[in-house]
> 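Let me give you the structure first, and then I'll get to my questions.
Side chains included, hydrogens not; waters and symmetry mates left out as well; all remaining heavy atoms used. The chains referred to below are lettered A, B, ... by the order of the sequence lines, with proteins before strands, and numbering in each begins at 1.
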Amino acid sequence: MLDIKIIRDNPELVKKACADKNDKADIDAILALDTERRQLLTETEAMRAKQNKASEEIAIVKKAKGDASEAIAAMKEVSKQVGEMTGKVREVEGKLHQAMLRVPNVPHESVPVGPNEEHNVTIREWGKIPKYDFKPAPHWELGEKLDILDLARGAKISGSGFFALKGLGAHLERAMISLMLDYHVDKFGFTEVAVPHIARAEAMTGTGQLPKLADDMYRIESDDMYLIPTAEVPVTNLHREETLNEADLPLKYVSCTPCFRREAGAAGKDTRGILRVHQFNKVEMFKIVEPSTSYNELETLVAQAEGLLQLLNIPYRVRMLATGDLSFAAAKCYDLEIWAAGVENYLEISSVSNYGDFQARRMNCRYRGEDKKLHFVHTLNGSGLALPRLMITILENNQTENGEIIIPEPLRPYMNGLERIR
RNA sequence: GGAGAGGUGGCCGAGCGGCUGAAGGCAGCUGCCUGCUAAGCAGUUAACGGGGUAACUCGUUCCUGGGUUCGAAUCCCAGCCUCUCCGCCA
């Protein structure tokens, strides 16, 4: 959520941000509601002040055992008016709040302006795209042949977009998860957390999934809960409604959770194999930081994700998202895209974002600064990394002509030293 | 799932429906004073919102949301959470 004062004082900036993000939030409506709210509030509070005064006087008279029935009768009418006014104020405040929740974050000034992903900018590239003297197979062929990936039976259980891993396939995923968690914890001092996978509406609102992205999530109707679309939701919300100490910042967490996504708007896109699925595991990195450091922290977080790709020798490129491709809550975001030899394409495997104080404001997460005052924190998160696309790349890039998979060196200790899947 | 208890400021904790935004204690800050291991004394310390250049002022907030009342931390209803006992269970 943005500070209403920014909208009030600088509406053109916010309008431009909405336009750049292809967002239709009605800023003029918000300004009108804000003005209306303040007018009503001034009026109501004056009435309230009168009422409080009168109440005190009644109390004094009563205490002296006097007769206050006349004053009480008079106050009855005032009380009714205050009630009516308060109702109006609440109504306007409610509308304003709902409208505010739908205003996207303002992109950072360093973000390229452009309506879609074609305007994303490649910042750097790493590694060489591998060459083969045979035609590399896509992962769904490799996986089925080695009997480590079962798409048909996944679909039998839950429909298309669900898959099962089997035998060394399941083991390989577990190895990747362990490798990544150890990497973040041992090398970067992140704290591993295991969190709920089902969350309430408040939590979803805190990170910005609700109200705008409701259709992208699975909802459990009987309990009015949502399956998390990313670990970002439960992990960020760990500190919802909390006041932190500046000395404790930055907080750094890493968590592996399943992610559930309806992919409602993505029908027909990337349908083969496990390119785009409704449920997948993801290791997510997360930081709560002091505001002045957040853009530096974003760079180090990207580098941290890149380190994993380098460790696994996966060619990749870093893309800075243009405003039109930036998510609702993000101020700045880098995508990591990896080369997959079988599908012959770059795949998004990580999104690393700085949210500024946008989520902190929604969650009411603040810290007490050295100036003794309360300030909103900044939040960041990034995938480190998403499992299915990592699996795709590892299968496709490390295949041999006869369809075997050479397991990357760093994963072997997690697979009892196994060198090949055959 | 059944029965009961409870949710008050950074923390602990009191609070007959009417100067209680909230006693008291701890912690913090500011003075004063003092030299036996840091004590004593005094003062002070909430957040959010509205108005004002400002001093300041008004309002809201005692888990959340409704209700009763001239007036609610205090009474009633619903929800959320915590604890105890019973049941069920990986």
> Does B:rU45 pair with anything, Watson-Crick or G-U wobble, both distances under 3.5 Å, and if so, with which nucleotide?
B:rA27

> Applying the Watson-Crick and G-U wobble criteria at under 3.5 Å, what pairs with B:rG35? Answer none if nothing qualifies.
none

> For A:Met75 and for A:Arg48, find the nucleotide of RNA chain B with the closest heavy atom, then tell me which residue's nucleotide is more 5'.
A:Arg48

> Is a donor on one side and an acceptor on the other found under 3.5 Å between the side chain of A:Ser294 and the backbone of A:Gly356?
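No, the answer is negative, given that no donor and acceptor are paired below the 3.5 Å cut-off.
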
> Let me spell it out: for each of A:Ala73 and A:Lys50, pick the nucleotide of RNA chain B with the closest heavy atom. Which residue's pick is nearer the 5' end?
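Per heavy-atom nearest nucleotide, the more 5' residue is A:Lys50.
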
> Does the ring center of A:His239 lie less than 6.0 Å from the ring center of A:Tyr253?
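Judged by ring-centre distance (under 6.0 Å), A:His239 and A:Tyr253 do meet the cut-off.
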
> Taking B:rA42 as the reference, what is the distance to B:rC80 when you measure between their P atoms (whole Å, please)?
48 Å

> From the options B:rA47, B:rG49, B:rG18, select the nucleotide whose nearest atom is closest to the side chain of A:Ser55.
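Given the options B:rA47, B:rG49, B:rG18, the side chain of A:Ser55 is closest to B:rG18.
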
> Taking B:rU20 as the reference, what is the distance to B:rC33 when you measure between their C1' atoms (whole Å, please)?
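About 34 Å, rounded to a whole number of Å.
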
> Working to the nearest 0.5 angstrom, can you tell me the gap between A:Glu93 CD and A:Arg37 CZ?
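One gets 4.5 Å once the value is rounded to the nearest 0.5 Å.
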
> Without swapping roles, check the side chain of A:Gln39 against the backbone of A:Glu36 for a donor-acceptor pair under 3.5 Å.
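Absent.
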
> List for me each residue that meets side-chain contact (heavy atoms from CB on, under 4.5 Å) alongside A:Asn364, sequence neighbours excluded, and say none if there are none.
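For A:Asn364 the side-chain contact (heavy atoms from CB on, under 4.5 Å) partners, ignoring immediate neighbours, are A:Glu241, A:Arg366, A:Phe376.
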
> Using only heavy-atom distances, determine whether the side chains of A:Ser255 and A:Glu284 contain a donor-acceptor pair under 3.5 Å.
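Checked: A:Ser255/A:Glu284 side chains show no N/O donor-acceptor pair below 3.5 Å.
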
> Compare side-chain N and O positions of A:Arg8 against OP1 and OP2 of B:rG50 and report whether any pair is under 4.0 Å apart.
yes

> Please determine, for B:rA14, whether a Watson-Crick or G-U wobble partner exists with both distances under 3.5 Å, and give it or none.
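None - no nucleotide pairs with B:rA14, as no candidate has both distances under 3.5 Å.
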
> Given the P atoms of B:rA22 and B:rU60, what is the spacing between them in whole Å?
14 Å

> Using the P atom as the reference point in each nucleotide, state the distance between B:rG18 and B:rU84 in Å, no decimals.
35 Å

> Collect all protein-nucleotide pairs involving nucleotides 81-83 of chain B in which both atoms are nitrogen or oxygen and the distance is under 3.5 Å.
unit_1	atom_1	unit_2	atom_2	d
B:rC81	OP1	A:Arg200	NH2	2.7

> What's the gap between B:rC85 and B:rC26 when it is taken at their P atoms, as a whole Å value?
34 Å

> What residues form a side-chain contact (heavy atoms from CB on, under 4.5 Å) with A:Thr400, not counting sequence neighbours?
A:Asn402, A:Glu404, A:Ile406, A:Arg420

> If you only use heavy atoms from C-beta on, which nucleotide in B:rU60, B:rG50, B:rA47 is closest to the side chain of A:Lys5?
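It is B:rG50.
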
> Of the listed nucleotides (B:rA47, B:rG50, B:rG71), which one gets closest to any side-chain atom of A:Arg38?
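The answer is B:rG50, which lies nearest to the side chain.
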
> What integer number of Å spans the P atoms of B:rC12 and B:rG52?
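Approximately 40 Å lies between the P atom of B:rC12 and that of B:rG52.
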
> Using the C1' atoms only, state how far B:rA14 lies from B:rA90, rounded to an integer number of Å.
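Going atom to atom, C1' in each nucleotide, I get 44 Å.
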
> Examine the base of B:rG49 for any acceptor or donor lying under 3.5 Å from a partner atom in the side chain of A:Glu45, and report the outcome as yes or no.
yes

> Of the nucleotides B:rG49, B:rG18, B:rU60, which has the atom closest to the A:Lys62 side chain?
B:rG18

> Taking the six-membered ring for Trp and the full ring for Phe, Tyr or His, determine whether the centres of A:His375 and A:Tyr367 are under 6.0 Å apart.
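Yes: the rings meet the under 6.0 Å criterion.
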
> A:Ala49 side chain: which of B:rG50, B:rC58, B:rG71 is closest?
B:rC58

> With rounding to the closest Å, how many angstrom separate the P atoms on B:rG65 and B:rA72?
15 Å

